[in-house]
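See below for the structure under consideration.
This is a predicted model, so every value here is computed, not measured.
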Amino acid sequence: MMNLLAITPPSSTPPVAKQTGPSSWAVEVQPAHEEQVGGPFNFSFSVPFIPARVAQPDQTVTASGVAMALERLSVTPSETRVFLRYDPPNGQTELDWYPIVEIEGAMQSVQGSRKLSDNTWSYSFFAPLYDRQGEWTVTVKELVGMEPVPKMQPGEQPKQVRLAGPWVFHFTVPPAAK
């Protein structure tokens, strides 16, 4: 259910600032006014559920002295998500290590990565890969170690370390459920 509201700004009287202490001020403002001008409106719709296609290759590959596991790959009509697990190279826990990932045959469209817990990363491809079946290859080209922003000083460039791979994983993705 939704209502249509008109929001009237506060009066044109400017806010008044009053000093309340040696280094503090208070500003008194008028609240906006809300008035329902339409509704309630009711909308009824359904959204189809399309289950993800999931591959769990649970493969571990070592490159540049780093063992990396591809734990799972999840494919939906709007996103393909790769789940990787690895320990920071050479115990460098002061850096966040971002994987640079490719899926063979996939355009490098809008992507995103996020650290989950326990050295696990989720890497997303927002590309139409749902209908793609059979053999897949996921390649981590390199790991990029970045200094976390909260540890940096204003105006300082982040420390960055690159570790070349590749870590290459070959596996089969099951067909969509019918």
Side-chain angles (χ1 to χ4, degrees), residues 1-2 7 41 43-178:
M1 184 169 69
M2 180 179 86
I7 300 176
F41 301 102
F43 301 92
S44 179
F45 57 92
S46 64
V47 178
F49 173 74
I50 302 172
R53 294 173 38 225
V54 177
Q56 294 182 304
D58 199 25
Q59 293 179 17
T60 300
V61 174
T62 300
S64 296
V66 175
M68 181 178 298
L70 172 60
E71 295 183 335
R72 182 169 42 120
L73 179 127
S74 173
V75 186
T76 68
S78 61
E79 176 187 29
T80 298
R81 191 176 290 181
V82 176
F83 293 87
L84 300 166
R85 179 184 300 269
Y86 52 90
D87 290 328
N90 303 319
Q92 293 178 310
T93 57
E94 73 280 3
L95 301 176
D96 287 334
W97 289 91
Y98 295 89
I100 306 300
V101 183
E102 290 181 345
I103 295 178
E104 185 178 293
M107 289 179 40
Q108 298 298 312
S109 62
V110 179
Q111 304 172 20
S113 63
R114 65 186 171 119
K115 187 174 185 179
L116 303 174
S117 61
D118 299 329
N119 300 323
T120 300
W121 284 82
S122 166
Y123 201 88
S124 296
F125 290 80
F126 301 106
L129 301 174
Y130 188 74
D131 292 330
R132 186 171 163 202
Q133 299 179 41
E135 294 299 313
W136 286 47
T137 299
V138 170
T139 303
V140 178
K141 293 172 44 174
E142 65 181 328
L143 289 175
V144 179
M146 299 284 292
E147 184 175 16
V149 174
K151 293 183 179 180
M152 294 172 30
Q153 299 299 318
E156 181 182 15
Q157 292 297 317
K159 177 182 176 185
Q160 186 180 103
V161 178
R162 292 181 173 267
L163 183 64
W167 293 262
V168 181
F169 304 93
H170 302 282
F171 56 96
T172 302
V173 175
K178 300 208 183 215

CZ-CZ distance between Phe126 and Arg81, expressed to the nearest 0.5 angstrom
7.0 Å

Would you sort out whether Arg53 and Gln133 count as a side chain to side chain contact (heavy atoms under 4.5 Å, CB included), showing the intermediate values?
CA-CA 10 Å; Arg53 294 173 38 225; Gln133 299 179 41; 3.7 Å; yes

Whether Gln160 side chain and Val144 backbone form a donor-acceptor pair below 3.5 Å
no

Indicate the atoms forming the closest heavy-atom contact of Pro166 with Ala63, along with that distance.
O-CB, 3.3 Å

Thr60 side, atom OG1; Glu71 side, atom CD - distance, nearest 0.5 Å
8.0 Å

So CG of Leu163 and NZ of Lys141: to nearest 0.5 Å the spacing works out to 14.5 Å

Calculate, to the nearest 0.5 Å, the distance between atoms CG and CG belonging to Leu84 and Leu73 respectively.
9.5 Å

Tell me, do Arg132 and Val173 make a side-chain contact under 4.5 Å, heavy atoms counted?
no

Close side-chain approach of Leu70 and Val82, heavy atoms under 4.5 Å:
yes

Shortest non-hydrogen contact from Pro174 to Val54?
CG-O, 3.3 Å

Between OH on residue Tyr123 and CD1 on residue Ile100, distance to nearest 0.5 Å
5.5 Å

Side chain to side chain donor-acceptor pair (under 3.5 Å) between Trp121 and Tyr98, worked out:
CA-CA 8 Å; Trp121 284 82; Tyr98 295 89; over 6 Å; no

Give the minimum heavy-atom separation between Val161 and Leu95, together with the two atoms involved.
CG2-CD1, 3.8 Å

For a quick test of reading the model, state the closest non-hydrogen atom pair linking Ser122 to Leu116 and the distance between them.
CB-CD1, 3.9 Å

Sort out for me which residue in Val101, Thr80, Val61 forms a side chain to side chain contact (heavy atoms under 4.5 Å, CB included) with Val138.
Val101

State, to 0.1 Å, how close Tyr130 and Pro51 come at their nearest heavy-atom pair, and which atoms those are.
OH-O, 3.1 Å

Distance, nearest 0.5 Å, that separates CD of Gln59 from CH2 of Trp167:
15.5 Å

Quick one: does Thr139's side chain have a donor or acceptor within less than 3.5 Å of a partner on Glu102's backbone?
no

Heavy-atom donor-acceptor pair, Trp97 side chain to Asn119 backbone, under 3.5 Å
no

Run the side chain to side chain contact (heavy atoms under 4.5 Å, CB included) test on Val140 and Tyr86 for me, step by step, so that the C-alpha distance in whole Å, both residues' side-chain angles and the decisive distance to 0.1 Å come before the verdict.
CA-CA 12 Å; Val140 178; Tyr86 52 90; over 6 Å; no

Do other residues, nucleotides or ligands put more than 12 heavy atoms under 6.0 Å from the CE atom of Met2?
yes

